[in-house]
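Below: one structure, written as structure tokens.
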There are 2 protein chains.
Amino acid sequence: MDQDAHHAAGQGSLLLQDQLCFALYAASRSVTTRYRPLLEELGLTYPQYLVMLALWEQDSVSVRDLGAALRLESSTLSPLLKRLEAADLIHRERRADDERSVVIRLTRAGADLREKAGTVPVAIGEAMGLTPEQDATAKYLLRLVTENVTGSRP
Amino acid sequence: MDQDAHHAAGQGSLLLQDQLCFALYAASRSVTTRYRPLLEELGLTYPQYLVMLALWEQDSVSVRDLGAALRLESSTLSPLLKRLEAADLIHRERRADDERSVVIRLTRAGADLREKAGTVPVAIGEAMGLTPEQDATAKYLLRLVTENVTGSRP
DNA sequence: AGCAATTAGATTGCGCGCGACTAAATCGAG
DNA sequence: CTCGATTTAGTCGCGCGCAATCTAATTGCT
């Protein structure tokens with residue numbers, strides 16, 4: 001399978017194909033590209049899909065907590081949430097006991113979308129084509145990198 | 001280290017934190033964020049840095065080949081290359097024997113930047129904090145995902 | 001109580017990243 | 001040789017993604 005993948009490279013090399021960071025960058029983009037046509041049927045972009053995943057898991061979340069879960073800044077989330085609201089998938093309201101906070105709630109349509117989305121992770125899982133062990137290893141290593149690089153818990 | 005990371009999840013789950021795709025997305029962004037301050041000293045963004053890596057490896061490349069190496073569309077590369085040219089790091093010229101093609105060459109400044117960039121991969125490698133074995137495994141799995149998802153060789 | 005410091009969310013500016021499209025050059029079947 | 005198909009870059013529109021900055025609300029210190 002692999003030609004010459006064993007010369008101590010990767011740590012100090014300037015070769016593009018040796019860089020873990022490039023493999024990460026390319027893999028991430030290729031996966032979101034693979035998602036695009038599936039999510040188009042749901043009327044979602046990939047980051048919007050991740051927000052919906054988070055909301056299906058736990059409804060009535062503040063923008064702050066959503067940002068923490070997704071590791072996204074409010075400068076990214078605010079416009080994205082505005083678009084989800086315009087699509088009538090979520091609703092935003094200021095919290096009464098703390099007017100700084102904005103709570104995101106699923107609309108009926110937003111909650112209903114969950115069923116249609118059920119097939120998506122399966123399809124992507126198949127497309128990625130990793131064994132369960134490889135999948136677990138990949139997740140472990142990616143979380144480790146994220147943790148090490150940001151210096152925080154996931 | 002891991003709390004409960006062993007319930008057959010990952011394949012069909014809708015839980016955000018179970019998704020390999022999310023781990024990928026989060027890791028990729030966290031790494032580029034970590035690069036940002038280092039690259040700022042070079043006057044480069046992260047994708048620009050990847051382009052320069054490719055050019056340091058092989059100068060005088062067509063936009064087409066650059067796109068193939070980086071897996072980027074011309075709609076992404078064209079404006080990026082325009083900015084690198086404005087920064088006097090590269091030069092673009094139409095190929096004489098095929099006027100469709102545009103060849104990218106490093107300027108003196110672009111070639112010289114390589115030395116200053118030498119410390120960057122080492123610093124990032126340390127920040128990611130993987131053992132050589134983990135680094136190799138991660139690269140292998142990420143390339144595998146990219147291959148499977150795009151249906152092509154890296 | 002009063003006021004500085006902190007926190008939450010939003011806005012702005014800029015650079016991707018890609019799909020859809022365009023223009024120009026080249027290729028190729030007849 | 002010619003005309004339609006293909007290839008190569010580029011433009012445009014839109015949605016991120018983030019640093020920097022802003023406003024408003026809350027907290028905390030005295």
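Reminder, nothing fancy here: chain letters follow the sequence lines and each chain counts from 1.
Taking only side-chain atoms of Glu99(B), from C-beta outward, the nucleotide of dA25(C), dC16(D), dG15(C) with the closest atom is dA25(C). Out of dT26(C), dC18(C), dG17(D), the shortest distance to the side chain of Thr76(A) is found at dG17(D). The side chain of Ser78(A) sits closest to dG9(C) out of dG10(D), dG9(C), dC12(D). Out of dA25(C), dC18(C), dA20(D), the shortest distance to the side chain of Ser75(A) is found at dA20(D). Comparing atom distances between the Pro47(B) side chain and each of dA19(D), dG17(C), dG17(D) picks out dG17(C) as nearest. Ranking dT6(D), dA9(D), dT11(D) by closeness to the Arg100(B) side chain, first place goes to dT6(D).
Taking only side-chain nitrogens and oxygens, Ser101(A) never comes nearer than 4.0 Å to OP1 or OP2 of dA25(D). Proximity of Arg83(B) to the phosphate of dC14(C): no side-chain N or O atom is located under 4.0 Å from OP1 or OP2. Under 4.0 angstrom from either OP1 or OP2 of dT7(D) there lies no side-chain N or O belonging to Arg64(B). The side chain of Tyr25(B) places an N or O atom within less than 4.0 Å of a non-bridging phosphate oxygen (OP1 or OP2) of dG17(D). For the OP1/OP2 pair of dA9(D) and a distance below 4.0 Å, the side-chain nitrogens and oxygens of Arg94(B) include no atom meeting the criterion.
The separation between Leu66(B) atom CG and dG17(C) atom P is 13 Å, rounded to whole Å. Between the P atom of dT7(D) and the CZ atom of Arg95(B) lies a distance of 16 Å, rounded to the nearest Å. The distance between atom NZ of Lys82(B) and atom P of dC16(C), rounded to the nearest whole Å, is 13 Å. Taking atom CG of residue Asp98(B) and atom P of nucleotide dA23(C), one finds them 20 Å apart after rounding to whole Å. A straight line from CD1 of Ile90(B) to C1' of dA9(D) spans 13 Å, rounded to a whole angstrom. Rounded to a whole Å, the CD atom of Glu73(B) is 13 Å from the P atom of dT8(D). Summarising the geometry, the separation between CD on Glu93(B) and P on dA9(D) is reported as 13 Å, rounded to the nearest angstrom. dA9(D) atom C1' lies 16 Å from atom CG of Leu84(B), rounded to whole Å.
Within the model, atoms CD1 of Ile104(A) and CZ of Arg64(A) stand 14.5 Å from one another, a figure rounded to the nearest 0.5 Å. Atom CG of Leu50(A) sits about 11.0 Å away from atom CG of Leu55(A), to the nearest 0.5 Å.
A donor and an acceptor atom sit less than 3.5 Å apart, one in the side chain of Ser74(A) and one in the base of dA10(C).
A residue-by-residue look at Thr45(B) and Arg92(A) shows that Arg92(A) has its nearest nucleotide of DNA chain C further toward the 5' end. DNA chain C is contacted by both Leu80(B) and Thr33(A); Leu80(B) maps to the nucleotide lying nearer its 5′ end (nearest heavy atom per residue). Closest-nucleotide positions on DNA chain D for Leu77(B) and Gln48(A) were compared, and the one nearer the 5' end corresponds to Leu77(B).
Here Thr32(B) lies out of heavy-atom contact (under 4.0 Å) with every strand.
Here the shortest heavy-atom pairing between Gln134(B) and Tyr140(A) reads NE2-CE2, 4.2 Å. Contact record, Pro121(A) with Ala117(A): CD-O, 3.2 Å, taken as the closest heavy-atom pair.
In this structure, Tyr46(A) and Tyr25(B) have perpendicular ring planes: the angle between them is above 60°, well past the 30° mark. Ring-plane geometry between Tyr49(A) and Tyr35(A) is classed as tilted, the angle between the planes lying from 30 to 60 degrees on a 0 to 90 degree scale.
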